[in-house]
Amino acid sequence: MTRGTQDPRTHRPSALEQQRRGRGLLVVTGALALVLMGGVGALAGLVASPCPDGPGQSSRDGSIVVEPGAPQGEGDQGPDAPADDERRASLELDPDRDTAWNYEGTGEKTVYLTFDDGPSENTPRVLDVLERYGVKATFFVTGHEPDKRGYIKDAYDRGNSIGLHTMSHDYAAVYASEDAFFSDLEQVGEVVREQIGFVPFLTRFPGGASNTISANYCPGIMSALSRDVPARGYQYFDWNVSSGDASGTNVSADTIVSSSCVEGYTNVMLLFHDSNTKDTTPDALPRIIEFYRDRGYRFEPITRDSFVCHHGVSN
């Protein structure tokens with residue numbers, strides 16, 4: 001006798017076979033009782049029951065039939081799904097969305113730590129400091145270090161916001177015309193989409209909205225962009241406090257701390273730079289966080305509910 005067959009003389013019915021036979025006897029018994037009681041219509045319904053083909057119905061052998069890919073209910077999406085969808089909605093570019101922007105501030109003591117020009121070899125150091133203090137920030141990224149682009153996803157996955165700071169950060173290129181600016185912005189948007197799955201609405205102009213260098217390439221372009229960037233669904237964010245780390249290569253941590261720690265602002269939009277020549281910025285960051293934390297500030301990444309800081313336009 002080959003393996004897997006059984007001798008019919010010694011075969012004992014399995015538990016499943018016994019259950020099937022038991023159910024068969026119950027059906028027959030019930031049918032006879034219905035006939036005796038004149039329930040012919042009920043008997044016809046019992047005999048004509050179709051084979052179920054929908055999810056959650058019993059099959060002929062008593063098992064549950066579930067169609068492949070059938071919805072399993074909200075509980076199967078995972079506890080983080082709704083929160084992640086909400087977060088994405090708060091950051092995703094949507095030209096048709098009407099947002100009540102907080103140009104006058106939120107009224108609550110809040111610090112928005114922002115980092116321009118990355119990602120860079122210093123991005124992991126910045127992220128580690130933020131994580132150590134339980135603080136979230138915003139990274140306005142570029143596209144000029146392709147081998148570092150994975151840090152964009154890392155920053156987002158750790159709860160930070162991602163904004164667009166143009167692909168090239170080349171003033172002559174991005175400020176040559178409005179078309180040139182938006183072409184460059186869309187390119188960095190695609191870089192970010194590849195990392196986090198969507199294009200964010202947050203932007204920051206190289207040099208800020210108040211820069212005058214752009215006049216060398218296209219007079220009046222900042223006046224046009226300050227109007228047309230929001231009209232396309234983006235929002236641009238300048239700053240009201242600068243760390244001063246852009247004033248040289250590896251400016252001393254003490255200088256960065258001194259420039260960053262100020263009194264008198266309810267909402268602090270604080271500018272840092274994330275690049276390979278800013279090794280001292282991560283060094284200064286702990287003291288800056290502690291300064292504001294000790295004065296009752298909270299730290300938030302930029303979203304649609306954040307303070308929108310705009311400079312005066314000078315071109």
Side-chain angles (χ1 to χ4, degrees), residues 93 95 114-123 126 138-149 151-152 155 161-195 199-251 256 259 269-281 302 308-315:
L93 176 66
T114 67
F115 297 84
D116 289 7
D117 298 354
S120 76
E121 63 186 24
N122 278 316
T123 306
V126 172
T138 302
F139 292 81
F140 290 97
V141 302
T142 66
H144 40 210
E145 290 219 47
D147 61 325
K148 305 292 194 307
R149 290 176 184 172
Y151 294 147
I152 296 172
S161 291
I162 305 299
L164 311 177
H165 196 41
T166 72
M167 183 74 172
S168 64
H169 204 281
D170 181 343
Y171 282 62
V174 302
Y175 292 136
S177 67
E178 278 204 86
D179 286 345
F181 177 86
F182 282 110
S183 175
D184 192 281
L185 191 67
E186 289 166 4
Q187 289 179 57
V188 74
E190 288 305 309
V191 168
V192 172
R193 188 203 299 273
E194 290 172 1
Q195 296 299 320
V199 177
F201 76 88
L202 299 78
T203 67
R204 175 169 282 164
F205 298 121
S210 60
N211 86 81
T212 56
I213 300 175
S214 56
N216 297 329
Y217 312 108
C218 184
I221 190 171
M222 297 315 303
S223 296
L225 289 175
S226 65
R227 177 188 66 244
D228 295 340
V229 163
R232 297 197 186 196
Y234 300 96
Q235 181 58 273
Y236 68 92
F237 293 81
D238 291 315
W239 57 92
N240 55 15
V241 178
S242 174
S243 68
D245 64 354
S247 61
T249 299
N250 290 326
V251 175
I256 294 172
S259 299
M269 188 70 68
L270 182 47
L271 171 67
F272 297 98
H273 291 83
D274 172 19
S275 71
N276 298 336
T277 60
K278 307 300 177 191
D279 295 338
T280 52
T281 296
I302 297 175
V308 179
C309 181
H310 279 182
H311 291 170
V313 176
S314 300
N315 173 30

N122 and D279: side chain donor to acceptor below 3.5 Å: yes

Would you check if the side chain of D238 reaches a backbone N or O of A209 as a donor-acceptor pair within less than 3.5 Å? yes

Side-chain contact test, heavy atoms from C-beta onward, threshold under 4.5 Å: evaluate it for F115 versus V126 and give yes or no. yes

Nearest atoms (heavy-atom pairs only) where Y236 meets H310: O-NE2, 2.9 Å

List the atom of C218, the atom of S177, and the distance in Å for their closest heavy-atom pair. SG-CA, 4.4 Å

Flag, side chain of D179 to backbone of F182, donor-acceptor distance under 3.5 Å: no

Start with the C-alpha distance between Q235 and V308, add both sets of side-chain angles, then the distance that settles side chain to side chain contact (heavy atoms under 4.5 Å, CB included), and finish with yes or no. CA-CA 8 Å; Q235 181 58 273; V308 179; 3.8 Å; yes

So, for T138 and I302, which heavy atoms are closest and what is the spacing to 0.1 Å? OG1-N, 2.9 Å

Please find the pair of heavy atoms, one from P119 and one from D274, that lie closest to each other, and give the distance. CA-OD2, 3.9 Å

Which atom names give the shortest non-hydrogen contact between E186 and Y234, and what distance separates them? CG-OH, 4.3 Å

After noting the C-alpha distance and the side-chain angles of F272 and S243, does the key distance pass the side chain to side chain contact (heavy atoms under 4.5 Å, CB included) rule? CA-CA 6 Å; F272 297 98; S243 68; 3.5 Å; yes

To the nearest 0.5 Å, what is the distance between OH (Y175) and CG (D184)? 10.0 Å

Under the 3.5 angstrom rule, does the side chain of T142 hit a backbone N or O of T166 as a donor-acceptor pair? no

Reported CG-to-OG distance for the pair L270 and S259, which is rounded to 0.5 angstrom: 9.5 Å

Would you give the length of the straight line joining atom OH of Y171 to atom CD1 of I213, rounded to the nearest 0.5 angstrom? 5.0 Å

Can you name the nearest heavy-atom pair linking A173 to A180, along with the distance? O-CB, 3.4 Å

OG1 on T114 to CH2 on W239, rounded to 0.5 Å: 8.5 Å

Has S314 got a side-chain atom pairing as donor or acceptor with T212's backbone, closer than 3.5 angstrom? no

Pairs of donor and acceptor atoms involving the side chains of residues 221-233, under 3.5 Å and at least two apart or interchain, shall be tabulated with distances.
{"residue": "S223", "atom": "OG", "partner": "N315", "partner atom": "O", "Å": "3.2"}
{"residue": "S226", "atom": "OG", "partner": "M222", "partner atom": "O", "Å": "3.1"}
{"residue": "S226", "atom": "OG", "partner": "S223", "partner atom": "O", "Å": "3.0"}

Can you find a pair of side-chain heavy atoms, one from E145 and one from S120, that are under 4.5 Å apart? yes

Donor-acceptor pair, K278 side chain versus G248 backbone, under 3.5 Å? yes

Let me see the working for V199 and V192 under side chain to side chain contact (heavy atoms under 4.5 Å, CB included), right down to the final yes or no. CA-CA 6 Å; V199 177; V192 172; over 6 Å; no

Go through E121 and N276 one step at a time and tell me if the side chain to side chain contact (heavy atoms under 4.5 Å, CB included) criterion holds. CA-CA 6 Å; E121 63 186 24; N276 298 336; 2.9 Å; yes

What distance separates E178 CD from L185 CG, expressed to the nearest 0.5 Å? 12.0 Å

Return the set of residues passing ring pair (Phe, Tyr, Trp, His ring centres under 6.0 Å) with Y151 (not counting sequence neighbours), or none when no residue passes. none

Pair D245, H273: side-chain N/O donor-acceptor within cut-off below 3.5 Å: yes

Distance in Å, M167 CE paired with H144 NE2, rounded so as to fall on 0.5 Å steps: 9.5 Å

Using the side chain to side chain contact (heavy atoms under 4.5 Å, CB included) definition, which of the options D117, L271, L164 pairs with R204? L271

F205 and F181 aromatic ring geometry - parallel, tilted or perpendicular at 30°/60° bounds: tilted

pair F140-V188: side-chain heavy atoms closer than 4.5 Å: no

